[in-house]
Amino acid sequence: MIEFTLWDILRNLLLATRWTILLSLVSFVGGGIVGLVVMFMRISANKAVATAARAYIELFQGTPLLMQLFLAFFGLALLGMTVPAWLAAGLALILWTASFLAEIWRGCVEAIAKGQWEASASLGMGRIQQLRYVILPQALRIAIPPTVGFSVQVVKGTALTSIIGFVELTKAGTAVTNATFQPFTVYGLVALIYFALCWPLSRTSQVLERKLNVAHHNH
Amino acid sequence: MGYQLNFGWLPQYLPVLIDGIGVTIYLMAVGAVLGCLLGTVCAWTRALGPNWARPVVVAYVELIRNTPFMIQLFFIFFGLPSLGVQMSELEAATLAMIVNLGAYSCEIIRAGIQATPRGQFEAGASLAMTPFETFYHVVLIPALQRIWPALSSQIVIVMLGSAVVSQIAAQDLSYAANFIQSRNFRAFETYIVSTLIYLVLSILLRQVLAGIGWALFPKRKAAR
């Protein structure tokens, strides 16, 4: 029987952490791009487009991420593709992230006072110009803290991809547990690694929020 | 051409799905009630409790909020037995839900408590209320009313997150889906059905929570 030192366990977990980080980045960036499109659809003046975006958000926020992962995994296979786990994982996480970011950002756009829309309209700006020059620059400021805060959910969401066989931190934790029979140590370390990834993001979000509030009160 | 969707298996496996739905609802109900209770106690401790207990609550909340639910579940189910704490799958799943929601609801309820003006405490004391009565009537109930929408969304998120408990073989709805697809080899259709059930559950849950909010806080004006 092979003896595993704490360093053996930690080293293997840290190697797998790279995939957690990569998948988080891909999901967050991809989800941001799709989320931006959905957000624009959601605030569109066209009723049908806005309703479609609402249905999308309702669907992805109202169902478990785990089910979305399974559907991506088995659904893509129906199209006749061999689906590697990373593809299904990335796709599901991007779509899931997009639904939350779209709704967060919509809240930020709608938090901009109505007078800003009216003022820019009175300057003869079209809708695109209004968004580009007046609304979005202000919305962006208040959007940063909740967006950073949501990135924590994305990192934690990647843990579920282990279930469809993507080898990241959680999957590595299970594999190492099966080799070492030390679930307490291994899952404890896994939790600490997730904490080390997520806590700085949470703190940043809180600090930014506080800073923004101070700036807000000065007006 | 292509693949034909087939739902012919549905009647045969309906009882399995219904059992799964029952367990999911049980987990959600017990988790929500006890989780919010734990969250309230923690929020009280953080806002008004003894000094030594505050860092403990902060550590608990931060640790839970910054780690995945699945890891908490694995730690409780696989990790704790080495300390001599043995649990069934369902007990471990329930405990994980309570601990998870406890941390999130603590933060939400604390935000509501902090919004209570200082004068309200003093007003309560001047009416000869005990600290507990003041906390309950003057602080907690208006706070809950203020944060009820945020708490409701968190409960829905935790309910959806409970799908993961199938990974320790707690027999909830997602476990039923896994079981069925391993028998009928119709994975896509099975997960479509279970996903739709989750969607209906989350919509219903939101309605129920809105109704509870309505019943709990009748015509009370929130202190602003």
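So you know, we letter chains A, B, ... as the sequences are listed, proteins then strands, and number each from 1.
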Which heavy atom of [X] sits nearest to which heavy atom of [Y], and what is that distance?
X: A/Ala159; Y: B/Met70; result: O-CE, 3.0 Å
X: A/Tyr187; Y: B/Ile71; result: O-CG2, 3.9 Å
X: B/Thr195; Y: A/Leu71; result: OG1-CD1, 3.4 Å
X: A/Gly62; Y: B/Arg206; result: CA-NH2, 4.4 Å
X: A/Val152; Y: B/Asn66; result: CG1-OD1, 3.8 Å
X: B/Ser82; Y: A/Phe184; result: OG-CB, 3.2 Å

inquiry  = Quick check on B/Trp148: does its CH2 atom have over 12 non-hydrogen neighbours (other residues, nucleotides or ligands) under 6.0 Å away?
reply    = yes

request  = Using a cut-off of 6.0 Å, state whether more than 12 heavy atoms not belonging to A/Trp117 lie near its atom CH2.
outcome  = yes

task = Please examine the side chains of B/Phe69 and A/Lys156, heavy atoms only from C-beta on, and report whether any two atoms are closer than 4.5 Å.
result =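 No - every pair of side-chain heavy atoms lies 4.5 Å or more apart.
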
ask   = Is the closest side-chain heavy-atom distance between B/Leu63 and A/Trp199 below 4.5 Å?
value =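 The answer is no; the side chains never approach within 4.5 Å.
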
inquiry  = Tell me which of these, B/Gly79, B/Ala163, B/Pro81, B/Ser174, has more heavy-atom pairs under 4.5 Å with chain A than the rest.
reply    = B/Gly79

Chain B contact via [X] - which portion, at a heavy-atom distance below 4.5 Å:
X: A/Leu160; result: both
X: A/Gln182; result: neither
X: A/Ser162; result: side chain
X: A/Thr174; result: side chain

Is [X] close to chain A through its backbone or its side chain, or both, or neither, when contacts mean heavy atoms under 4.5 Å?
X: B/Ser166; result: side chain
X: B/Leu201; result: neither
X: B/Val164; result: both

task = Heavy atoms only, distances under 4.5 angstrom: which of A/Cys198, A/Pro64, A/Ala196, A/Gly157 has the most pairs with chain B? Name it, please.
result = A/Pro64

B/Glu62/A/Phe195 under side chain to side chain contact (heavy atoms under 4.5 Å, CB included): CA gap, chis, key distance, verdict = CA-CA 9 Å; B/Glu62 292 295 321; A/Phe195 185 80; 4.2 Å; yes

key: Parallel, tilted or perpendicular: ring planes of A/Phe70 versus B/Tyr191, cut at 30 and 60 degrees   =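 Ring orientation of A/Phe70 relative to B/Tyr191: parallel.
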
At what distance, to the nearest 0.5 angstrom, does [atom1] of [X] lie from [atom2] of [Y]?
X: B/Ile197; Y: A/Thr63; atom1: CD1; atom2: OG1; value: 12.5 Å
X: A/Gln61; Y: B/Ser153; atom1: CD; atom2: OG; value: 9.0 Å
X: A/Met67; Y: B/Leu199; atom1: CE; atom2: CG; value: 13.0 Å

message = Apply side chain to side chain contact (heavy atoms under 4.5 Å, CB included) to residues A/Ser202 and B/Arg65 and explain how you reach the verdict.
response = CA-CA 9 Å; A/Ser202 298; B/Arg65 276 164 43 105; 5.6 Å; no

task = Determine, step by step, whether A/Ile163 and B/Gln167 satisfy the side chain to side chain contact (heavy atoms under 4.5 Å, CB included) criterion, reporting the C-alpha distance in whole Å, the side-chain angles of both residues, the deciding distance to 0.1 Å, and the verdict.
result = CA-CA 8 Å; A/Ile163 297 172; B/Gln167 293 308 305; 3.3 Å; yes

